[in-house]
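Read the structure below first, then the notes.
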Amino acid sequence: MRYIIIALLGLFATAQVPSDHQQDLYSIIDEVSEKRIENDVKKLAGFGTRNTFSDTLSNTRGIGAARRWIKAEFDKISAECGGCLEVFYQRDYVTKEMGSRVPKDAWVVNVVAIQRGTSQPNNFVIMSGDIDSRASDTMDFTTDAPGANDNASGMAGTIEAARVLSKRKFANSIVYVGLSGEEQGLFGGAGLARYAKDNDWNVLGILNNDMIGNIKGVDGVIDNRSFRIFSEPTNVTDDERTKRLRRFYGGEVDGHSRQLARYIHNSVKSYMPEMNPMMIYRLDRFGRGGHHRPFNDLGFPGIRIMEAHENYTQQHQDIRTENGIEYGDVVKHVNFPYAKKLTAVNAINLAQLAWAPAPPKTVKIGGMVEASARLEWSKVPNAVGYKIYWRDTTSPTWDHSRFVGNTNNYTLEGIVIDNYYFGVAAVAADGTESIVVFPNEVSR
C-alpha cells in the first residue's frame with residue numbers, strides 16, 4: 001500500500017508540472033515591450049491622418065505612408081526570424097456607390113503577415129488592428145486625425161505581438177493584419193474575410209483589437225486592469241433547422257464566437273490574474289460595429305478586445321479645445337502600460353490557440369430521461385485526449401471539467417443532462433486546449 005501511495009503522489013506531482021509551452025506563456029507576457037508599443041503609436045499618429053481616402057503618395061503623411069511603414073515593420077520582423085512571415089498587401093476596390101461614408105472611389109488596402117504553422121498550416125488564428133483614422137467628419141480625409149488610441153494602439157499591439165511570437169514555432173498558422181476602411185464601413189475586414197473564405201482558411205478565431213490604450217473614461221472612471229471582450233451569442237450563419245432545435249436543446253449563448261470569448265476569459269484568469277476580463281454579451285458596443293463582424297458574417301469565430309472605459313471626447317473628434325475640454329485622439333491620452341497588458345492578453349491567446357489542436361467538428365449529446373449525460377465527438381489531428389466541460393445553464397463560464405483521455409465518447413455518470421450545458425475541447429500533448437465546442441448534434 002505504501003508503494004502505491006508513493007506512486008500515486010508521484011503521478012499527481014508530475015501532472016501539476018506545467019509544460020514548456022504553458023511555462024512559456026509567462027515569458028511571452030514579459031517580452032511584450034511597452035516602449036516599442038509607444039514608439040509605434042507615435043509613429044502612426046505622426047502620419048497626420050490615416051483616413052482610408054487620404055494621401056497615398058506621400059512618404060510622410062496619409063494612409064499610403066502608414067501602410068508602407070507597417071509592411072516594412074512586418075518585413076523587418078520576418079528578416080529577424082529567417083523569413084518566417086509571408087508579408088503582402090490584400091486589397092479591394094471601393095466605390096462611392098458602396099456606402100454613404102465613401103467620398104471617392106479608392107483601393108482599400110490591408111497589410112497581412114502570415115506565420116505558417118509547422119503541422120496544421122491551414123488552421124489560422126488572426127490578430128487585427130485598424131490602420132485608418134478619422135476626423136469629426138467621416139468624409140474629411142485631409143484634416144489631421146492622428147488616431148493615437150483609435151486605432152494606432154491596436155495596430156501597434158498587433159505589430160508587437162508579431163515581434164514576440166515570431167521567435168517561436170506553432171502547429172497552426174498565425175495571421176497579423178492591419179485592416180483599412182474600418183471607419184467607412186468595415187471594408188478591410190470584409191475583404192480579408194472573403195479572402196480567407198476563397199482560400200479555404202480554417203479560421204479558429206479572430207481577435208480584433210480596436211482601442212486598447214485608454215484607461216480614463218468619459219464617465220470619470222480610471223481603470224488600468226479591466227477590458228471588454230465583445231462576442232455574438234450564436235452563429236449568424238446557422239441554418240433554420242439549427243435555430244429551431246436550439247429552442248429545445250439550448251445553446252442561446254453558445255456560438256463559436258462566445259466560446260472564443262470564454263477561452264480568452266479563462267486564459268487571462270489563469271495567466272494574468274491581475275487583469276479583469278469583462279465578457280460583454282453583445283456583438284459590439286450598443287448599435288456600433290467592429291472589424292470582427294465581417295468574419296462573423298461569413299461564419300468565422302471572432303471577438304473584439306478593447307478598453308473598458310471609453311472617452312468620447314478623444315475619438316472621432318477634430319483636435320480642438322472647447323469650454324475647457326480638449327478634444328482629439330492624440331498620443332498624450334494613450335496609457336502605454338495598459339496597451340502592453342492588452343497586447344499580452346492577445347499574445348498568450350494567439351500562442352495557445354496556435355499550439356492547440358483544432359476543435360472537434362462534431363459533438364453529439366444524449367441522455368434524455370436518463371441519469372447520465374452521454375457525449376460523442378469527432379477526433380482531430382494533434383490531440384492526445386479530450387476534455388468534457390459542463391456548467392450551470394445560467395453560468396457565463398465553463399466551471400467543471402473532466403479529462404477523459406484519447407477516446408471519442410464518454411458518459412458522465414450521475415450528471416443529469418437537463419441541469420447543465422456541456423461542451424468538448426481537444427487537448428494537445430503540451431496541455432494546450434482548443435476552444436470548447438457546444439454539442440451540434442443529438443444522439444438518442
Side-chain angles (χ1 to χ4, degrees), residues 123-124 126 185-186 189-206 208 229-263 279-304 358-370 373-380 388-396 398 408-409 416-426 434-444:
N123 293 338
F124 293 87
I126 305 171
L186 310 178
L192 186 64
R194 286 192 301 270
Y195 181 91
K197 198 79 168 179
D198 292 344
N199 287 276
D200 297 318
W201 287 9
N202 181 31
V203 178
L204 304 178
I206 175 167
N208 170 39
I229 310 169
F230 288 94
S231 64
E232 281 198 286
T234 56
N235 307 333
V236 70
T237 54
D238 283 345
D239 58 26
E240 290 303 316
R241 177 179 178 274
T242 300
K243 294 175 184 176
R244 287 197 304 272
L245 292 177
R246 192 178 293 133
R247 182 180 182 189
F248 300 96
Y249 301 130
E252 297 86 350
V253 293
D254 279 280
H256 50 206
S257 293
R258 185 60 49 78
Q259 304 301 355
L260 178 58
R262 291 189 175 106
Y263 188 98
M279 283 195 294
I280 308 297
Y281 277 25
R282 182 178 284 136
L283 169 65
D284 209 301
R285 296 153 304 160
F286 192 83
R288 304 171 75 180
H291 251 147
H292 56 300
R293 195 187 86 190
F295 289 87
N296 292 166
D297 290 343
L298 294 187
F300 298 129
I303 54 89
R304 176 177 183 155
K361 289 188 179 298
T362 303
V363 175
K364 297 181 181 180
I365 190 168
M368 187 165 32
V369 299
E370 298 178 20
R374 294 179 283 104
L375 290 111
E376 181 181 346
W377 53 89
S378 56
K379 286 192 169 186
V380 296
I388 295 176
Y389 283 89
W390 67 100
R391 69 179 201 270
D392 291 345
T393 59
T394 54
S395 175
W398 294 109
N408 72 337
N409 65 88
V416 179
I417 194 173
D418 300 327
N419 297 342
Y420 303 94
Y421 282 148
F422 302 84
V424 176
S434 74
I435 295 169
V436 175
V437 178
F438 192 81
N440 46 32
E441 292 188 19
V442 176
S443 60
R444 298 183 183 277

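Sequential numbering from 1 along the given sequence is applied to the chain's residues.
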Show, in sequence, the C-alpha distance, side-chain angles and deciding distance for Val436 and Trp398, and conclude whether the side chain to side chain contact (heavy atoms under 4.5 Å, CB included) test is met. CA-CA 9 Å; Val436 175; Trp398 294 109; 3.7 Å; yes

Of all residues at least two apart in sequence or in a different chain, which pass the salt bridge (charged side-chain N to carboxylate O under 4.0 Å, His left out) check with Arg246?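 For Arg246, the residues satisfying salt bridge (charged side-chain N to carboxylate O under 4.0 Å, His left out) (neighbours in sequence not counted) are Asp238.
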
If you take all heavy atoms of [X] and [Y], which pair is closest and at what distance?
{"X": "Ala426", "Y": "Ala358", "value": "CB-O, 3.7 Å"}
{"X": "Phe422", "Y": "Val416", "value": "CZ-O, 4.3 Å"}
{"X": "Leu204", "Y": "Pro359", "value": "CD2-CD, 3.8 Å"}
{"X": "Pro294", "Y": "Gly189", "value": "CB-C, 3.7 Å"}
{"X": "Pro301", "Y": "Val203", "value": "CD-O, 3.5 Å"}
{"X": "Gly366", "Y": "Ile417", "value": "O-CD1, 3.6 Å"}

Would you please name every residue forming a ring pair (Phe, Tyr, Trp, His ring centres under 6.0 Å) with Phe230, sequence neighbours left out? none

For Tyr421, which residues count as a ring pair (Phe, Tyr, Trp, His ring centres under 6.0 Å) partner, sequence neighbours excluded? Phe438

What orientation do Trp201 and Tyr195 show, parallel under 30°, tilted 30 to 60°, or perpendicular over 60°?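 Perpendicular: the ring planes of Trp201 and Tyr195 meet at over 60°.
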
Give, for atom [atom1] of [X] and atom [atom2] of [Y], the distance between the pair rounded to the nearest 0.5 Å.
{"X": "Asn199", "Y": "Arg194", "atom1": "CG", "atom2": "CZ", "answer": "12.5 Å"}
{"X": "Arg258", "Y": "Met279", "atom1": "CZ", "atom2": "CE", "answer": "7.5 Å"}
{"X": "Arg304", "Y": "Ile280", "atom1": "CZ", "atom2": "CD1", "answer": "12.0 Å"}
{"X": "Ile388", "Y": "Leu375", "atom1": "CD1", "atom2": "CG", "answer": "5.0 Å"}
{"X": "Met368", "Y": "Arg374", "atom1": "CE", "atom2": "CZ", "answer": "9.5 Å"}
{"X": "Phe300", "Y": "His292", "atom1": "CZ", "atom2": "NE2", "answer": "15.0 Å"}

Among Leu192, Asn208, Ile303, exactly one meets side chain to side chain contact (heavy atoms under 4.5 Å, CB included) together with Phe295. Which residue is that?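 For Phe295, the side chain to side chain contact (heavy atoms under 4.5 Å, CB included) test succeeds with only one of Leu192, Asn208, Ile303, which is Leu192.
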
Would you say that [X] contacts [Y] through its side chain, given a criterion of any heavy-atom pair below 4.5 Å between the two side chains?
{"X": "Leu186", "Y": "Arg293", "answer": "yes"}
{"X": "Val442", "Y": "Tyr249", "answer": "yes"}
{"X": "Asn235", "Y": "His256", "answer": "yes"}
{"X": "Thr362", "Y": "Asn440", "answer": "yes"}

In terms of heavy-atom contacts, does NZ of Lys379 have more than 12 from other residues, nucleotides or ligands at under 6.0 Å? yes

Does atom CZ (Arg288) have a neighbourhood of more than 12 heavy atoms from anything else shown, all under 6.0 Å? yes

Walk me through whether Glu376 and Glu441 qualify under side chain to side chain contact (heavy atoms under 4.5 Å, CB included). CA-CA 9 Å; Glu376 181 181 346; Glu441 292 188 19; over 6 Å; no

Could you tell me whether a side-chain N or O of Ser443 sits under 3.5 Å from a main-chain N or O of Lys364, the two making a donor and an acceptor?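 No; zero donor-acceptor contacts below 3.5 Å.
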
Show your working on side chain to side chain contact (heavy atoms under 4.5 Å, CB included) between Asn296 and Ser257 and close with a plain yes or no. CA-CA 8 Å; Asn296 292 166; Ser257 293; 3.3 Å; yes

Note: Arg262-Asp254 ion pair, threshold 4.0 Å (strictly below):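 Counted as a salt bridge, because a side-chain N and a carboxylate O are separated by less than 4.0 Å.
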
